[in-house]
Amino acid sequence: MAEQPKAKYRADYKAPEYTITDIALDFDLQDTATRVVAVSKVKRLAEQDAALQLDGDALTLIRVEVNGESWSDYEETATGLSLTKLPAEFELTIETEINPEANTLLEGLYKSGGGFCTQCEAEGFRRITYYLDRPDVLARFTTKVTADKASYPYLLSNGNRIAEGELENGRHWVQWQDPFPKPSYLFALVAGDFDVLRDKFTTCTGRDVELEIFVDKGNLDRADYAMTSLKNSMKWDEERFGLEYDLDIYMIVAVDFFNMGAMENKGLNIFNSKFVLANSKTATDTDYQGIEAVIGHEYFHNWTGNRVTCRDWFQLSLKEGLTVFRDQEFSSDLGSRAVNRINNVRVVRGPQFAEDRGPMSHPIRPDKVIEMNNFYTLTVYEKGSEVIRMMHTLLGEQNFQAGMKLYFERHDGTAATCDDFVQAMEDASGIDLTRFRRWYSQAGTPVVSVTTDYDAEQKRYHVTVKQRTAPTAEQEEKQALHIPLDIELYDEQGNVIELQRNGEAVHHVLDVTEEEQVFVFDNVASKPVISLLREFSAPVVLEYDYSDEELVFLMVHARNEFARWDAGQMLLAKYIRDNVTNVQQGKAVEFPASVVDAFRGALLAEDLDPAFIAEMLTLPSENEIAGWYKQVDVDAINKVVGDIKAILAAEMEDELTAIYHSLAQPSYTIEHEAMAKRALRNRCLSYLACTEQGNALVEAQYQASDNMTDTMAAMAAANSSELACREAQMKDFSDKWTHDGLVMDKWFALQGANPAENALAVVRETMNHPAFDLKNPNRTRNLVANFCGNNPVRFHAKDGSGYAFLTEILTALNSSNPQVASRLIEPFLKYRQYDEARQTLMRAELEKLAALENLAKDLFEKVQKALGQ
Ligand code: TRP
Ligand code: ZN
């Protein structure tokens, strides 16, 4: 290998030696040779002889001038440009040339479809011009864009349009000015031909904001839900957080080639088209929910991320954890809070906990980074949101909002740290968060073990709580954390027992701060049933020895829906674990009638939201189950899940059938109630697919469906139950949608998750489908990542064929798009959790990757950690 990439450490943060207060950019757009002239006002902050080190990557330097004079005191280095002998304040002119068409990394300026677009977070601006490409340098941007008018009628950048003009050679130009100083990662430019959906929003102070959504020509009939979601976001942020939008225009552009979900560039969000485009024919209810969440997320960044940004990238969770919290609250306030909570918790308990156990384990505020793109993780985002949520639980809504207000008073217009945020929360509430801050520095998942003891004579209930966090990669020592533990006690009738100690009421959220603590409650008349970790009040693994009877009791009597769902999950977990052992010992899967009855009760509960019942009846994923084991037996887990599903289907067939038919709707709407009914009806279908009538029912639904939710539910059921109708459906769907990559992604996902024995062969063949393109991250994620990450039995085939396939793909993507490669490699990072034969095979693949001559930083960091070097 060439030079080994170097790590950066959080502890090494230094304030910048120079800053840039203003920058005027001038783009002359050409497919393979775009010219960029950047004129910056530079100010020295450090002592006299400091060199100005500008970041740069994949740039051709054309000229350098200082105060309008050609400058020769500079040097091109491996990572940028180093200028010396500079005055204290000056105007710096740099002209560079870049090649957008050759930019397959999708970072910096690149071409997507026929248009130009940019992606600058985290460190992509340095692929446009030499710059102080760090978030604590905030400048006012003016951007002039020139391009061919026929091909690129729309020329967009951040802020307000201040001038435009025509040129003789068929070219035209537009100039934009963003009044808010911002770091370079929030810069954006778009040029292309679009259909535009226009609307407006009047803010709480009566200002009119132009709203514009740009989509590829012909897609106007798929932009309405994004627009509705945007207006809902703007209104919600005013009402719940008191935050008003600050520019006169808000633009969203949907592009097909995009590495992640979307990007919050000031006034000009750029979105993966997956999170904009939807209508009943092309999008499922889940897609609609994703659009609402991501539109909200990017909009909420305008205050949490843009107005207050991050001092350095180690602080990423400052904006991401907080903004995920805000988008989760938005979706919960507009839709079902319980269903949202359940789905968010599934992500934390599944993939986030898995990240904690692996070689890339890191705190929500990482200490050491080689490639920043590798730290846009479930830990930073989802666990980061849980940490904000815990503060919300500890402080309550009112104090939390007071903390937000103080945070903006102190830090608006600046780059802040995670600690600044906690300090504002602490100062506004008067609540001590000293120990709580450890959540920012400690990696790993705490295990909270609870035991209880009822003293009938004293009428006292003792709750003993112990916490421990296992060592994680690169962090051996663990300390006790401040864990908010939300509990409730019930008597035999299901009445809530008020928590009391020494005659005083005790709050239902216990402050667990020590390794071991005992909480005593008085006046408990009879032995209670305890509901623990209500609302998943902390991102921990709970251990408590519930009996089946207690869990069934909680499924019925717990006061909040989340706790009822969680009791159901714990009951399932018990039987899944027992049966994995049974299967490993060659015994049959056993699932008692009493447990089936508990789920039958949930299915038939008429007072419950159908969307919630659908969640009650959803088994944990094979990946989540894998996380319960030191050594994973993919085949046994797959068999147990399949058998339990079949048993539930057989035992409840009458009820499932009746409910399936009763929930049919005369017409399609996307109201919450209609979605909820579809969710439960399609959950019933997924069970009924395991019964005799499965094929007929699934086929009938596919034929009758007038919307993508029901179509996909039928196809997913046919796929996972390997029904006879699968092949015909797959062909019909592909014939119908081959021209539409976004819709075909659903089809690719089914090929990836295909349980059939020849799944890998089919996946390989599918890569030749006209709609497939390895360079498009959405296509690759749906087909390849889904096969490798969500089809454990086929990916982990004993002959190692799945592993060889992943290495082939990673090798190709290592040069074309390492950011996508780096997400795809995740299944390999868990190799230590498999049996020796599989471990050996996966390790060999990792070693092959390590030996690649041009191994990108992204993969280097993960491969090196996985191999334990
Ligand atoms: N900041 C973006 C968000 O969370 C995500 C993001 C970071 C991103 N890096 C990216 C998006 C690279 C696309 C490409 O909303
Ligand atoms: Zn974000």
Side-chain angles (χ1 to χ4, degrees), residues 57 103-110 112 117-128 133 135 158 182-190 226 229-230 233 237 252-276 290-310 313-331 344 347 364 366 369 371-385 388 418 776-778 780-781 817-823 857-858:
D57 179 26
N103 184 355
T104 58
L105 271 60
L106 315 184
E107 216 180 358
L109 179 70
Y110 64 94
S112 170
C117 66
T118 55
Q119 172 54 42
C120 294
E121 188 178 6
E123 299 180 327
F125 191 74
R126 63 189 63 185
R127 292 165 56 80
I128 293 172
D133 192 13
N158 318 83
K182 65 168 177 288
S184 50
Y185 82 89
L186 290 171
F187 169 78
L189 177 158
V190 172
S229 301
L230 176 59
S233 304
D237 215 10
I252 290 174
V253 182
V255 301
D256 288 331
F257 284 71
F258 205 67
N259 281 342
M260 308 255 274
M263 182 63 213
E264 69 265 24
N265 316 303
K266 184 82 189 188
L268 177 55
N269 291 180
I270 300 181
F271 270 61
N272 186 325
S273 54
K274 170 181 165 56
F275 291 112
V276 174
I291 290 169
E292 179 179 82
V294 178
I295 293 269
H297 181 95
E298 306 312 330
Y299 176 73
F300 303 140
H301 266 316
N302 189 55
W303 277 95
T304 52
N306 301 1
R307 290 288 291 252
V308 181
T309 190
C310 300
W313 290 120
F314 298 99
Q315 316 295 327
L316 179 62
S317 203
L318 173 72
K319 74 177 176 81
E320 295 303 347
L322 178 54
T323 304
V324 171
F325 171 77
R326 277 152 54 69
D327 86 55
Q328 291 176 348
E329 284 300 294
F330 168 60
S331 295
N344 296 333
V347 173
I364 63 166
V369 167
E371 170 52 61
M372 190 53 213
N373 285 329
N374 281 342
F375 288 84
Y376 288 77
T377 58
L378 292 155
T379 300
V380 167
Y381 276 63
E382 306 299 323
K383 184 178 178 182
S385 166
I388 302 291
C418 295
N776 183 304
N778 289 1
T780 298
R781 269 191 289 265
N817 191 333
Q819 208 178 321
V820 168
S822 189
R823 294 199 175 256
K857 270 163 79 178
D858 314 56

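For ligands, and for the atoms within them, numbers begin at 1 and follow the listed sequence.
For the pair E264 and ligand 1, the shortest N or O to N or O distance falls below 3.5 Å. At a 3.5 angstrom cut-off on N or O pairs, Y381 counts as close to ligand 1. When only interatomic distances are considered, the shortest N/O to N/O separation between Y376 and ligand 1 does not fall below 3.5 Å. Taking any N or O of E298, backbone or side chain, at least one lies under 3.5 Å from an N or O belonging to ligand 1.
Taking the Zn ion (ligand 2) as reference, the nearest N/O/S atom within E320 carries the name OE1.
By the 4.5 Å heavy-atom criterion applied to side chains, I295 and I252 are counted as neighbours. V369 places none of its side-chain heavy atoms less than 4.5 Å from the side chain of W313. In this structure, E264 and K319 have side chains that are in contact, with non-hydrogen atoms separated by less than 4.5 Å.
Atoms of ligand 1 found under 4.0 Å from any heavy atom of H301 (numbered from 1 in listed order, with element): 3 (C), 4 (O), 15 (O). Ligand-side atoms of ligand 1 in range of A262: 2 (C), 3 (C), 5 (C), 11 (C), 15 (O), range being under 4.0 angstrom from any heavy atom. For ligand 1, the atoms sitting less than 4.0 Å from at least one non-hydrogen atom of M263 are 1 (N), 2 (C), numbered in the order shown with element in parentheses. Per-residue contacts place Q819 under 4.0 angstrom from the following atoms of ligand 1 (heavy atoms of the residue considered): 12 (C). Residue K319 has at least one heavy-atom neighbour below 4.0 Å for each of these atoms of ligand 1: 1 (N). Residue F258 has at least one heavy-atom neighbour below 4.0 Å for each of these atoms of ligand 1: 11 (C), 13 (C).
Remark: aromatic rings of F257 and Y110 are distant, center separation not under 6.0 Å.
Under a 4.0 angstrom heavy-atom cut-off, E107 registers as lying outside contact with ligand 1.
In summary, the side chains of N158 and N265 do not present any donor paired with an acceptor at a separation below 3.5 Å, with no hydrogens or angles considered. At a cut-off of 3.5 Å, with distance as the only test, a side-chain donor of D256 or S273 sits close to an acceptor on the other residue.
Using a 4.0 Å cut-off between heavy atoms, M372 makes no contact with ligand 1 at all.
With sequence neighbours excluded, the residues satisfying side-chain contact (heavy atoms from CB on, under 4.5 Å) with N272 are F258, K274, F275, N778, R781.
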Discussion item. Before you tell me yes or no, could you show the steps for Q819 and N259 under side chain to side chain donor-acceptor pair (under 3.5 Å), namely the whole-Å CA-CA distance, both residues' side-chain angles and the distance that decides it to 0.1 Å?
Written reply: CA-CA 7 Å; Q819 208 178 321; N259 281 342; 3.0 Å; yes
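Taking NZ from K383 and OG1 from T377, the interatomic distance works out to 10.0 Å, rounded to the nearest 0.5 Å. From I388, atom CD1 reaches atom CD of Q328 across 11.0 Å, with rounding to the nearest 0.5 Å.
Of the protein's non-hydrogen atoms, M260 CB, 3.3 Å is the one closest to atom 11 (C) of ligand 1. Scanning the protein for heavy atoms near atom 10 (C) of ligand 1, the closest one is Q119 NE2, 3.5 Å. In terms of protein heavy atoms, atom 1 (N) of ligand 1 is closest to E121 OE1, 2.5 Å.
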